Chemist: 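What follows is a structure written as structure tokens; I'll ask about it next.
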2 protein chains.
Amino acid sequence: MKVGELAQVARCTVETVRYYEKEGLLPAPERTAANYRRYVQAHVDRLRFIRNCRALDMTHAEIRALLERIDHPAGDCRAINDLLDQHIEHVEARIGELRQLQDQLVSLRQRCRNERPIDACGILQGLAAMETEVRPPRPSHLG
Amino acid sequence: MKVGELAQVARCTVETVRYYEKEGLLPAPERTAANYRRYVQAHVDRLRFIRNCRALDMTHAEIRALLERIDHPAGDCRAINDLLDQHIEHVEARIGELRQLQDQLVSLRQRCRNERPIDACGILQGLAAMETEVRPPRPSHLG
DNA sequence: GCTTGACCCTATAGTAACTTCAGGATGTGC
DNA sequence: GCACATCCTGAAGTTACTATAGGGTCAAGC
């Protein structure tokens with residue numbers, strides 16, 4: 001299986017596949033005489049796993065931690081449960097932040113219902129008058 | 001007012017202030033004989049405006065568009081209203097995405113209530129079995 | 001045998017909004 | 001005159017890719 005085919009079954013681009021290899025998430029496969037990557041089923045499974053994690057917005061570091069456990073199973077899966085719990089918290093926190101943001105945006109928007117000259121625009125006035133908040137360094141990686 | 005003081009009143013770092021200058025969001029101030037930046041009240045107002053926009057998760061491009069209108073007022077403020085409406089939609093869309101994500105994560109988490117050996121971990125099994133989704137290129141910049 | 005087109009390769013740079021670092025100058029208090 | 005905080009510039013690092021340049025491989029068709 002060549003890289004294009006692998007990318008297709010995993011629904012990503014060939015660039016992403018090669019990138020994961022460089023990052024050490026996906027093991028480097030054998031090469032053909034022409035130096036083409038030659039993948040086997042294990043690569044498909046692993047890449048699917050990675051893409052599923054990414055679909056859940058996990059970072060490469062989080063995915064790496066999971067793969068580590070899979071590659072070197074030891075003890076129970078508590079660490080995995082914990083990782084997922086933390087991730088769920090991240091997402092929850094980010095939703096909360098965005099909700100608050102949304103409230104602010106909507107109330108800002110209501111300051112200018114009609115088309116006024118720029119100088120009278122309630123939105124710009126609101127943005128100028130807002131109490132500048134400390135932007136906490138993102139606790140989550142979710143943007 | 002030196003850069004450290006400006007950063008303090010605007011609640012950001014001096015690096016951020018200098019970065020905004022390089023980006024053209026904040027105009028370059030006069031310099032002292034020792035080549036120190038010397039800011040005046042207008043800079044404070046502008047930086048506060050920028051930080052308020054950032055607190056609302058606007059991109060530099062969006063902020064630039066707003067500043068443009070402020071610097072060259074022309075016509076009415078319809079474009080500003082539109083920009084904000086679009087931004088509100090972005091945030092709304094992202095909240096929806098994260099909610100869906102959260103549902104998936106929670107149901108994944110429920111697959112492993114107790115501490116099992118790695119091989120039996122319901123979470124890892126779930127991640128391996130998930131139908132790999134096409135990750136749509138982010139329509140919003142909100143991560 | 002030759003061309004065309006789809007696919008593969010590497011290495012490098014670009015994205016967003018900063019942060020960090022290296023290496024050095026300035027200003028202030030004691 | 002020295003320590004220490006603060007200032008300066010320029011370059012590189014962050015995250016997870018995407019894009020681009022410049023080239024090799026392979027199968028099909030003429």
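A, B, ... follow the sequence lines: proteins, then strands. Residue 1 opens every chain. Worth saying up front: this structure is predicted, and the values here are computed from it rather than measured. Reckoned from all heavy atoms, side chains included, excluding hydrogens, waters and symmetry mates.
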Chemist: Restricting to nitrogen or oxygen on both sides, can you table the protein-nucleotides 1-7 of chain D pairs closer than 3.5 Å?
Modeler:
| from | atom 1 | to | atom 2 | distance (Å) |
| --- | --- | --- | --- | --- |
| D:dC7 | OP1 | B:Gly4 | N | 2.8 |

Chemist: Specify whether A:Tyr19 and A:His60 have parallel, tilted or perpendicular ring planes, treating 30° as the upper limit for parallel and 60° as the lower limit for perpendicular.
Modeler: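 Tilted.
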Chemist: Mind checking side chain to side chain contact (heavy atoms under 4.5 Å, CB included) for B:Gln41 and listing every partner two or more places apart, or none if nothing turns up?
Modeler: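 B:Gln41 satisfies side chain to side chain contact (heavy atoms under 4.5 Å, CB included) with B:Val44, B:Asp45 once adjacent residues are dropped.
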Chemist: Report the distance from atom CD of A:Gln8 to atom C1' of C:dA6, rounded to the nearest whole Å.
Modeler: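 Interatomic distance, CD of A:Gln8 to C1' of C:dA6: 13 Å.
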Chemist: Measure the distance from NZ on A:Lys22 to C1' on D:dA19 and round it to the nearest whole Å.
Modeler: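 Computing the A:Lys22:NZ to D:dA19:C1' distance gives 12 Å.
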Chemist: Think B:Thr13 has a side-chain N or O under 4.0 angstrom from the OP1 or OP2 of C:dC18?
Modeler: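 False: B:Thr13 side-chain N/O out of range (4.0 Å or more) of C:dC18 OP1/OP2.
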Chemist: Would you kindly give the OH-to-P distance between B:Tyr20 and C:dA16, to the nearest whole Å?
Modeler: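 For the pair B:Tyr20 OH and C:dA16 P, the rounded distance is 14 Å.
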Chemist: Quickly work out the A:Tyr19 OH to C:dT15 C1' distance and round it to whole Å.
Modeler: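 Spelled out: OH on A:Tyr19 to C1' on C:dT15 is 12 Å.
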Chemist: Check whether any side-chain nitrogen or oxygen of B:Arg54 sits under 4.0 Å from OP1 or OP2 of C:dC18, and answer yes or no.
Modeler: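 So the side chain of B:Arg54 is within the cut-off, an N or O lying under 4.0 Å from OP1 or OP2 of C:dC18.
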Chemist: Could you check A:Thr32 against A:Glu15 and say which one's nearest nucleotide on DNA chain D is further toward the 5' end?
Modeler: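 So the residue in question is A:Glu15.
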Chemist: Closer than 4.0 Å, any side-chain N/O of A:Arg31 to the OP1 or OP2 of C:dT10?
Modeler: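 Checking C:dT10 against A:Arg31, a side-chain N or O does come within under 4.0 Å of OP1 or OP2.
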Chemist: Quick one: list whatever passes side chain to side chain donor-acceptor pair (under 3.5 Å) with B:Asp85, sequence neighbours left out.
Modeler: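 Per chain and number, B:Asp85 pairs via side chain to side chain donor-acceptor pair (under 3.5 Å) with A:Arg109.
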Chemist: In whole Å, what is the span from the CE atom of A:Met58 to the P atom of D:dC17?
Modeler: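 Value for this atom pair: 14 Å.
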Chemist: Between C1' on C:dC9 and OH on A:Tyr39, what's the gap in Å once rounded to a whole number?
Modeler: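 So the OH-C1' distance, A:Tyr39 to C:dC9, works out to 12 Å.
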Chemist: In whole angstrom, what separates A:Glu21's CD from C:dA11's P?
Modeler: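 Distance check: A:Glu21 CD to C:dA11 P gives 11 Å.
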Chemist: Rounded off to whole Å, could you give me the CD-to-C1' distance for the A:Glu23 and D:dT14 pair?
Modeler: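 Going from CD in A:Glu23 over to C1' in D:dT14 covers 11 Å.
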Chemist: Does A:Arg78 have any salt bridge (Lys or Arg N to Asp or Glu O under 4.0 Å) partners at least two apart in sequence or in another chain, and if so, which?
Modeler: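 So A:Arg78 forms a salt bridge (Lys or Arg N to Asp or Glu O under 4.0 Å) with A:Asp76, B:Glu115.
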Chemist: Measuring to OP1 and OP2 of C:dA16, would you say a side-chain N or O of B:His60 lies under 4.0 angstrom away?
Modeler: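 No, no such contact exists.
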Chemist: Under 4.0 Å between a side-chain nitrogen and a carboxylate oxygen: does that hold for B:Arg37 and B:Glu21?
Modeler: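 B:Glu21 and B:Arg37: salt-bridged.
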Chemist: For D:dT15 and A:Thr59 - does any side-chain N or O of the residue sit under 4.0 Å from the phosphate oxygens OP1/OP2?
Modeler: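 Negative; the distance criterion is not met.
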Chemist: Taking only residues two or more places apart in sequence, or in another chain, which ones meet A:Arg18 in a side chain to side chain donor-acceptor pair (under 3.5 Å)?
Modeler: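 Testing A:Arg18 for side chain to side chain donor-acceptor pair (under 3.5 Å), a comparison that skips the adjacent residues, returns none.
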Chemist: Among residues two or more places apart or on two chains, list those pairs meeting ring pair (Phe, Tyr, Trp, His ring centres under 6.0 Å) that have a residue in residues 68-89 of chain A.
Modeler: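 Ring pair (Phe, Tyr, Trp, His ring centres under 6.0 Å) check on residues 68-89 of chain A returns A:His87-A:His141.
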